[in-house]
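The structure appears right after this line, and notes come after that.
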Amino acid sequence: MYPYRVCVFYTNDTITARTYSIGSLGQGGNVVQVENINVGRGNVNGVTFERLTFNDVENPIIINQNYCDVKGKCPELKTGVQISNVTYRNAVGTSASKIAINLSCSKSVPCYGISMESIHLTSAVARRQVTAQCSNARGREDDVVPGPCLLHV
C-alpha cells in the first residue's frame with residue numbers, strides 16, 4: 001500500500017497519484033485537500049469529499065472506472081481498481097453537464113460502500129434537469145438530488 005496525502009489547488013489539470021486520478025477540480029484559487037488515499041494492489045479506499053460548492057461544473061460527482069479517451073474504442077476491462085468506502089457529503093451547486101452524478105464502476109470490480117449525504121445539485125442551464133446515473137455502484141444515499149441511483153446493499 002502507498003499512502004498519499006494530496007493538497008490540491010484548483011486548476012484545469014487532473015491530479016494523479018500513481019496512475020489513479022483524483023481530481024479535475026476546476027479553477028478559482030480555492031484549495032481541496034484529499035487525504036487517506038491508499039493506492040496499491042488495486043484499491044482506493046476511505047476517501048471523503050465534503051463541504052463542496054460547485055459552480056457551472058462539468059461532471060461534479062464522478063467515478064469512472066470505464067474511462068476511454070476514444071469513445072466506443074475501448075473494451076471493458078476484466079480487472080480494475082477496487083473502489084470502496086468513498087463518501088460525498090454536503091455538496092451543493094450547479095452542473096454544466098446533464099449528468100450531475102455519474103458513478104460508472106466496473107462489472108468485474110464494482111464499487112461498494114459509496115455514501116452520498118446532503119447532495120443538492122441543479123443545472124447551470126435554466127429549465128434543464130440534471131440526472132444521476134450509476135452502474136455497478138453500491139451504497140447508501142440520504143437527501144440526494146438528483147437521485148437515487150446507487151444499488152442499495
* Would you please test T87 and E50 for side chain to side chain contact (heavy atoms under 4.5 Å, CB included) and show each step? => CA-CA 8 Å; T87 299; E50 62 184 343; over 6 Å; no

* **From CD (Q82) to OG (S106), nearest 0.5 Å** => 8.5 Å

* Least distance between heavy atoms, A96 atom then D56 atom -> CB-OD1, 3.3 Å

* To do: Would you mind reporting whether S95 and S123 have side-chain heavy atoms less than 4.5 Å apart?
  => no

* Measure the shortest side-chain to side-chain distance between I62 and I101 over non-hydrogen atoms and say whether it is less than 4.5 angstrom. => no

* Using only heavy-atom distances, determine whether the side chains of T131 and Q133 contain a donor-acceptor pair under 3.5 Å. => no

* Asked: At what distance, to the nearest 0.5 angstrom, does CD of E58 lie from CD1 of I99?
  -> 11.0 Å

* Minimum side-chain heavy-atom gap Y88-I63 below 4.5 Å -> yes

* Could you state the interatomic distance from OG1 (T94) to CZ (R128), rounded to the nearest 0.5 Å? -> 10.5 Å

* To do: Examine distances only and state if a side-chain atom of N136 and a backbone atom of C105 form a donor-acceptor pair shorter than 3.5 Å.
  => yes

* Asked: Is there a path of hydrophobic side-chain contacts, each under 4.5 Å between heavy atoms of I, L, V, M, F, W or Y residues, that connects L103 with V47?
  -> yes

* Taking C-beta and beyond as the side chain, do I61 and L121 meet within less than 4.5 Å on heavy atoms? -> yes

* Asked: Can you tell if the side chain of Q129 reaches within under 4.5 Å of the side chain of K98, non-hydrogen atoms only?
  -> no

* Give yes when the SG atoms of C149 and C134 are nearer than 2.5 Å, otherwise give no. => yes

* Do the side chain of E141 and the main chain of L150 share a donor and acceptor less than 3.5 angstrom apart? -> yes

* To do: Taking all heavy atoms of V144 and all of M116, pick out the closest pair and write down the distance.
  => CG2-O, 3.5 Å

* Asked: Do I114 and R138 have side-chain heavy atoms sitting under 4.5 Å apart?
  -> no

* Asked: Does the side chain of Q65 come within less than 4.5 Å of I83's, by heavy atoms?
  -> yes

* To do: Please report the closest heavy-atom contact between N59 and S97, naming both atoms and the distance.
  => N-OG, 3.0 Å

